[in-house]
Amino acid sequence: MTHPVKMSTGMKIFSWLMVLWNGIGVAAFFSQVMMTPEMIAQLPEAQQAVYRDIPAWSYSAYALAVFGGLIGSLLLALGKKLAFPVLVVSLAGVVVQQYYNFVIIDAIKLMGWGIVVMPIIVTTISIVLVLISQRGVKSGWLN
C-alpha cells in the first residue's frame, strides 16, 4: 500500500506567506483602481498620464495576476492541484501587465530604472509559484 505524499512544513509556510503576499497584491490593485482624479493630480506629471490612460485590458491583466495569484496560492496552501493552472493564468496576467508597463508605455523612460524592482520581484515570485505547483502535481503532494 502506498502512502500519499504530503507537503512539507516548509512548503506549507511558504504557501501561506504567498497567500499573504498576493493578498497585498489584491490590496494594491484596489488602491490603484480606486484612485480618484484628485489623487492622480497629486502625482508627478509623468505618472499622472500613466494612471489616467490605463486601458481596460491592462487592468484585466492586473486583476488576473493578483486574484489568480491569491486564489492559486490559497489552493497551493490547501494542497490542491488546481493551484497549477490558476497560477499559470496569474503568471500570464503578470506578463501582459509588464508588457504594457515596459513596452507600451516605457515606464523606465517615464519613471526611471527604480521602477523595475517590484516588477522583477513580482514576475520572479509568479514563476516560482508556477514551478512549485507544477512540481507538486508531478510529485503527488498536490491532489
Side-chain angles (χ1 to χ4, degrees), residues 1-37 39-40 42-44 46-143:
M1 174 158 91
T2 60
H3 297 287
V5 180
K6 292 189 177 188
M7 186 185 313
S8 71
T9 302
M11 188 55 63
K12 286 180 186 177
I13 292 168
F14 172 78
S15 298
W16 285 108
L17 287 172
M18 291 299 96
V19 170
L20 178 61
W21 165 260
N22 283 290
I24 292 167
V26 168
F29 171 80
F30 281 117
S31 174
Q32 182 174 327
V33 170
M34 297 172 71
M35 286 183 80
T36 64
M39 294 165 82
I40 293 171
Q42 299 298 315
L43 297 172
Q47 290 181 19
Q48 287 181 36
V50 169
Y51 283 98
R52 269 195 310 266
D53 301 330
I54 298 173
W57 64 266
S58 181
Y59 271 127
S60 298
Y62 190 8
L64 279 176
V66 297
F67 287 103
L70 179 61
I71 293 165
S73 294
L74 185 59
L75 289 166
L76 183 65
L78 296 173
K80 304 297 180 188
K81 67 181 177 184
L82 185 57
F84 174 65
V86 172
L87 289 167
V88 168
V89 169
S90 175
L91 176 58
V94 169
V95 169
V96 170
Q97 183 190 19
Q98 300 315 336
Y99 173 79
Y100 174 74
N101 290 337
F102 295 104
V103 177
I104 303 290
I105 65 168
D106 196 359
I108 295 169
K109 182 179 175 187
L110 292 172
M111 296 183 258
W113 279 97
I115 196 71
V116 302
V117 174
M118 188 56 81
I120 288 172
I121 293 169
V122 167
T123 305
T124 301
I125 289 174
S126 295
I127 291 168
V128 167
L129 283 169
V130 166
L131 294 174
I132 287 172
S133 63
Q134 181 182 41
R135 184 172 152 233
V137 170
K138 286 182 180 178
S139 300
W141 48 265
L142 292 179
N143 50 50

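Quick caveat: nothing in here was measured; it's all calculated off a predicted structure.
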State which residue, out of V95, V94, L91, fulfils the side-chain contact (heavy atoms from CB on, under 4.5 Å) condition with I127.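 Testing I127 for a side-chain contact (heavy atoms from CB on, under 4.5 Å) against V95, V94, L91 leaves exactly one candidate, L91.
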To the nearest 0.5 angstrom, please state how far the [atom1] atom of [X] sits from the [atom2] atom of [Y].
{"X": "Q97", "Y": "S60", "atom1": "CD", "atom2": "OG", "value": "11.0 Å"}
{"X": "L87", "Y": "L82", "atom1": "CG", "atom2": "CG", "value": "9.0 Å"}
{"X": "S58", "Y": "I105", "atom1": "OG", "atom2": "CD1", "value": "7.5 Å"}
{"X": "M35", "Y": "F30", "atom1": "CE", "atom2": "CZ", "value": "15.5 Å"}
{"X": "I115", "Y": "N101", "atom1": "CD1", "atom2": "CG", "value": "7.5 Å"}

Given side chains that start at C-beta, do those of F84 and L142 come closer than 4.5 Å, heavy atoms only?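 They are not in contact (no side-chain heavy atoms under 4.5 Å apart), so the answer is no.
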Heavy-atom side-chain proximity of Y51 to M39 below 4.5 angstrom: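 A side-chain contact under 4.5 Å is absent here.
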Listed once per pair and sorted, the ring pair (Phe, Tyr, Trp, His ring centres under 6.0 Å) pairs that draw on residues 97-125, sequence neighbours left out: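 For residues 97-125: W57-Y100.
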Grab the two heavy atoms, one from [X] and one from [Y], that are nearest each other, plus how far apart they are.
{"X": "A61", "Y": "V96", "answer": "CB-CG1, 3.5 Å"}
{"X": "V86", "Y": "G72", "answer": "CG1-N, 3.5 Å"}
{"X": "A65", "Y": "G93", "answer": "CB-C, 3.8 Å"}

Identify each donor-acceptor pair in which a side-chain atom of residues 129-138 lies under 3.5 Å from a protein atom, sequence neighbours left out, and give them as a table.
from : atom 1 : to   : atom 2 : distance (Å)
S133 : OG     : L129 : O      : 3.0
S133 : OG     : V130 : O      : 2.9

Pairs under 3.5 angstrom only: tabulate donor-acceptor contacts from the side chains of residues 6-29 to other protein residues two or more places apart or in another chain.
from : atom 1 : to  : atom 2 : distance (Å)
S8   : OG     : M11 : N      : 3.0
S15  : OG     : M11 : O      : 2.8
N22  : ND2    : M18 : O      : 2.9
N22  : ND2    : G69 : O      : 3.3
N22  : ND2    : S73 : OG     : 3.0

